[in-house]
Structures are given as C-alpha cells and as structure tokens.
Amino acid sequence: METKSEKSKVSEDVFQDERELENFKKVVESFKSYHYCLTKSVANSLKNFHNLNQKHKEYLMDFEDNCKLLLECIDHNDDVIRLFIRDAELMFENSNALTNKLTEENSDQSNHSKNDVDRVCTTLKQIIRDWSIEGENERQMCYKPILDELINIYSEIKDLSQINVLVPGCGLGRLAFDIATKGFMCEGNEFSLHMLIASNFIINNCFMKNQYKIYPYVDSWSNNINFENQTREIHFPDVSPHDFSNQLSQFSMGAGDFLEVYNEEEKWECIVTCFFIDTAHNIIDYIERIWKLLKRDGYWINLGPLLYHFSKIPGEFSIELSYKQLKRVIERVGFKYLKEEFNVKSKYNSDDQSLLQYTYDSIFFVVQKN
Ligand SMILES: C[S@@+](CC[C@H](N)C(=O)[O-])C[C@H]1O[C@@H](n2cnc3c(N)ncnc32)[C@H](O)[C@@H]1O
C-alpha cells in the first residue's frame, strides 16, 4: 500500500486486496471504539469503588467527581478522534465508495480487543512526542542530533532540495517534517494506519498553532502523583504545518511496510532511522535494504536502542543481535563508520510527571555506503 503526493493523498487503489481494506476498516473501528472502551474502564473503576466498605469510601470523597471529570476528558478525546477518522475517509479520492464500504457493517464496539484500543491510546501519546510543546525535550534528545548531523553533512550543498532523505518508520512524521522544513526533499514511511491517520490529520488539516487539545493520559491509572496528572491537557500542533506550506511540497509520506514498499536501487542520498531498526523481524534485512536504496557515498544516520519488537512474542520470527554483532554486519555489508556515540540519553513517549521514568542509553551512528 503506497501513498505519495504533496498532501499525503491516498488513492483508493492503495487497497490492493481485500485484506488491506479489512485492515483499514479495523483501524477505523478501533478509533470508534475508543470512547466505549475507555468509558468502560472508568465504569469498572467506579464499580470497584462502590464495592469498598463505607469507611474506605469516606476516605475517598473525591473519587466519584474525579471519575466524572475523566469521562468528560474521554468525551472530548472522542470528538477529536472523530475528526481524525472523518479525514481518513476523505483521504481516499473516492471517499463515498469507501464510506459505503465502511458503513456496510454495523460496528459492534464491544468486539474490539484491548490491543486495538491501546494503539489508539498510544497514538494520542505519540502526539505529545511529535507535535506538542511538552514533547520538545524528547525531540531535542532524539531528533536534534540527527537534524544537526544532516545539516553538517550537507553544509556545502547550496540547494538542499537536491538531497533525497528517507525516514522509515517515521511514526507521526515530525522528524521527516522537520527535515523537509530545513530544505531537504524528505519522505517519511510508516506502516501503522493509526499513525498515518493521525499524521494525515495533523499535517494536512491543522491550520493554527495549538488548534486542538487532547487528554492523552486518561488511560494512565498507575504511577500518578496526583489525580490531575491523569486529566492533564496538551495542545497540538506546536507548529502550524500550514505556515510551512511552501516547504510541504518537499515532504511526502509513503505508506506500507518498508521492506515491501522501498526496493528501487540507489535512489536516496540519505536514510535516517530513529527508534526504528529494532522493529525488524530480521535486522539484517533492514541493513541490506538500506544499503541497496542508498546512492553511492550515501549516508545512513541512526539513533535509538535495540529493543527488539518481536523478541519473545510467541510464534514470531525474531533475530536479536547485540550492538557489537550488528556493527559487524553493518561493516560486512559495506558501510564505513563515520561517527559512533554511546549512552545518548533519549526517551520514547515518556511522561515526565509519572512516578515511572525510563531513559534509553541509545546508540547514535553515521555510516557511509562505501
Ligand atoms: C518505535 S516507533 C518510532 C517512531 C518514530 N521514528 C519516532 O522516533 O518517534 C517505530 C515505528 O516504526 C513503524 N514500523 C515498524 N515496522 C515498520 C515497517 N516494517 N515499515 C514501516 N514502518 C514500520 C511503527 O509503526 C512505528 O510507528
């Protein structure tokens, strides 16, 4: 499935087979189930509260009011989510046909697995990382070293739009967007429809800074120092993509699996991976593909940990290399190391107000196709 153009418009032939349409429908339904599932979790919490004995209830006089507030936040999030999916349906050129297909079946929201709705909750948290002022610290840790390196490598180039940069696994697209607004030609690639639907909404339909607000922590029931942590609002986007409409012609999104969509040899001057390479079933496939896609003397910039996504998932193929093994493969494939830094402090969707904090000691490297 592939989508490319100035405004990330997707044509309906992206649905190469019924399975892809089914997947799209499932993702849209998971967004629609958000309200039902989150409301249910508050109802459960209230039910547990009512089962407390009278004395314990009296200790917690504000419990019911807090739950009411949570329900209001969930209602609000649902309104915003409805805008995402309305736009997702419009993303498709023949949106009527699609909408008909989507409404053919009655959605039974209770059918949705916790996993599907967890992905919606994660998407809301990813908005903090990529498109809110609260995410600035994470972006400084994870995206800035990459942006600085790009500027440094191509400091002699007058017209940066001659430099094609690919960002596989770009999440909500902020890093790719920032690369394009620095003057490069940049394409983000992502296969999660949750991410693609939300990034499409933000990049193509937000016209003002901080135009929308969401309450992304309503599902965070643990590690709160006070109740207000759970009902904190964040505004997005922290920059108006509309203000960059000139540079946006240099930005595109490619939808689909990196290994399936990108095959053309020697197309890219630079490939940037941030918290991505450990998403592979076999990381060696990613390294070989990056090699193939890069032009001669092209650069690969990487920052992130090695938290192998398929490790220990029953039935999933997964090759987990240590960094030293990985480096050996990178060099054997033919890359030359130009830079290597360890212990690069970085965070991923972390909540700075939570009692649980974790920081990655990421690896940052720049290699060149020799
Ligand atoms: C850990 S997230 C990092 C996102 C982003 N780079 C960032 O730093 O915020 C990894 C992303 O890669 C995407 N992804 C995983 N495997 C992929 C694949 N084979 N092709 C395209 N995207 C993929 C996931 O959907 C997810 O959004």
Side-chain angles (χ1 to χ4, degrees), residues 1-4 14 20 23 27 30 115-116 118-132 134-147 150 165-179 186-200 202-203 216 236-238 252-263 271-290 293 300-311 313 316-319 344-350 358-360 362-364:
M1 152 165 173
E2 191 167 7
T3 151
K4 272 183 215 138
V14 294
E20 288 187 350
N23 184 31
V27 170
S30 75
N115 258 356
D116 293 333
D118 279 352
R119 288 201 181 103
V120 179
C121 296
T122 307
T123 306
L124 296 185
K125 296 211 173 66
Q126 189 90 15
I127 293 179
I128 311 172
R129 172 175 172 89
D130 268 19
W131 295 102
S132 80
E134 287 80 357
E136 182 60 31
N137 187 32
E138 262 187 40
R139 293 196 295 276
Q140 287 287 322
M141 288 173 151
C142 303
Y143 300 166
K144 186 162 184 299
I146 294 173
L147 289 165
L150 268 171
V165 183
L166 176 66
V167 186
C170 68
L172 288 184
R174 179 58 178 270
L175 176 59
F177 173 88
D178 283 352
I179 293 172
C186 187
E187 183 164 314
N189 153 247
E190 177 54 57
F191 78 171
S192 152
L193 279 174
H194 286 96
M195 294 292 162
L196 287 165
I197 287 173
S199 64
N200 170 69
I202 296 168
I203 294 163
F236 73 93
D238 64 309
S252 59
M253 285 289 264
D257 188 319
F258 170 58
L259 290 176
E260 282 174 20
V261 174
Y262 296 89
N263 229 328
I271 296 181
V272 161
T273 49
C274 182
F275 280 70
F276 173 68
I277 53 174
D278 49 8
T279 65
H281 287 278
N282 175 4
I283 195 167
I284 304 171
D285 287 337
Y286 277 6
I287 298 167
E288 286 182 337
R289 184 59 56 89
I290 291 170
L293 300 175
W300 171 23
I301 307 175
N302 175 69
L303 189 149
L306 290 174
L307 179 64
Y308 291 104
H309 285 212
F310 293 103
S311 182
I313 298 188
E316 291 287 356
F317 180 77
S318 179
I319 298 287
V344 178
K345 302 284 172 217
S346 47
K347 296 192 170 198
Y348 189 82
N349 282 354
S350 96
Y358 50 91
T359 306
Y360 293 95
S362 284
I363 294 153
F364 177 58

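The model shown is predicted, which means the values in this text are computed figures rather than measured ones. Start at 1 and go down the list; that is how both ligands and their atoms are numbered.
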In ligand 1, which numbered atoms sit nearer than 4.0 Å to a non-hydrogen atom of S192? 25 (O)
Pairs satisfying salt bridge (Lys or Arg N to Asp or Glu O under 4.0 Å), at least one member in residues 190-199, at least two apart: none
Parallel under 30°, tilted from 30 to 60°, perpendicular over 60°: which one fits the rings of F258 and Y262? tilted
Using heavy atoms and a 4.0 Å limit, tell me yes or no: is F310 in contact with ligand 1? no
Can I get a per-line list of side-chain donor-acceptor pairs under 3.5 Å for residues 272-283, giving both atom names and the distance, sequence neighbours left out?
from: T273; atom 1: OG1; to: W300; atom 2: NE1; distance (Å): 2.8
from: T273; atom 1: OG1; to: N302; atom 2: OD1; distance (Å): 2.7
from: D278; atom 1: OD2; to: L307; atom 2: N; distance (Å): 2.8
from: T279; atom 1: OG1; to: F276; atom 2: O; distance (Å): 2.8
from: T279; atom 1: OG1; to: Y286; atom 2: OH; distance (Å): 3.0
from: H281; atom 1: ND1; to: F317; atom 2: O; distance (Å): 2.8
from: N282; atom 1: OD1; to: I284; atom 2: N; distance (Å): 3.0

H194 near ligand 1, heavy-atom distance under 4.0 Å? no
In this structure, which one of K125, K345, R129 forms a salt bridge (Lys or Arg N to Asp or Glu O under 4.0 Å) with E138? R129
Within less than 4.0 angstrom of ligand 1, does G304 place any heavy atom? no
F177 vs L172, side chain to side chain contact (heavy atoms under 4.5 Å, CB included): CA-CA, chis, key distance, verdict: CA-CA 9 Å; F177 173 88; L172 288 184; over 6 Å; no
Taking distance alone, with N or O pairs closer than 3.5 Å, would you say F275 contacts ligand 1? no
Is the closest side-chain heavy-atom distance between N349 and I128 below 4.5 Å? no
Short side-chain to backbone donor-acceptor contact, N189 and G256, under 3.5 Å: yes
To which of Y286, Y143, F191 does the heavy atom nearest atom 15 (C) of ligand 1 belong? F191
Considering the heavy atoms of D257, write down every atom of ligand 1 situated less than 4.0 Å from one of them. 18 (C), 19 (N), 20 (N)
Look at ligand 1 and say whether L259 reaches it with a heavy atom at a distance under 4.0 Å. no
Taking the side chain as everything from C-beta on, heavy atoms only, tell me whether R174 gets closer than 4.5 Å to D238. yes
Per-residue contact class, R174 against ligand 1 - non-hydrogen pairs under 4.0 Å: neither
Of all the atoms in ligand 1, which lie at a distance below 4.0 Å from a heavy atom belonging to T279? 10 (C), 15 (C), 16 (N)
Does some non-hydrogen atom of C274 fall short of 4.0 Å from ligand 1? yes
Taking only non-hydrogen atoms of G256 and a 4.0 Å limit, the atoms of ligand 1 in range are 20 (N), 21 (C)
With a 4.5 Å limit on heavy-atom distance, are the side chains of V120 and D116 in contact? no
So is there a nitrogen or oxygen of H309 less than 3.5 Å from a nitrogen or oxygen in ligand 1? no
Of the protein's non-hydrogen atoms, which lies at the shortest distance from atom 2 (S) of ligand 1, and what is that distance? Y348 OH, 3.1 Å
Based purely on interatomic distance, does R129 place a nitrogen or oxygen under 3.5 Å from a nitrogen or oxygen of ligand 1? yes
Counting non-hydrogen protein atoms only, what is the nearest one to atom 13 (C) of ligand 1? Give residue, atom name and distance. E190 OE2, 3.3 Å
I'd like to check which ligand 1 atoms, numbered from 1 as shown, lie under 4.0 Å from a non-hydrogen atom of F258. 18 (C), 19 (N), 20 (N), 21 (C)
Report the member of G169, G173, G171 with the shortest heavy-atom distance to atom 6 (N) of ligand 1. G169
So, S362 side chain and Y360 main chain: donor-acceptor pair closer than 3.5 Å or not? no
Please tell me if the side chains of F191 and V261 come closer than 4.5 Å, counting only heavy atoms from C-beta onward. no
How close does the nearest protein non-hydrogen atom get to atom 21 (C) of ligand 1, and which residue and atom is it? N189 OD1, 3.4 Å
Should C170 be counted as touching ligand 1, given the test is an N or O pair under 3.5 Å? no
Less than 4.5 Å apart, any side-chain heavy atom of I313 and any of S318? no
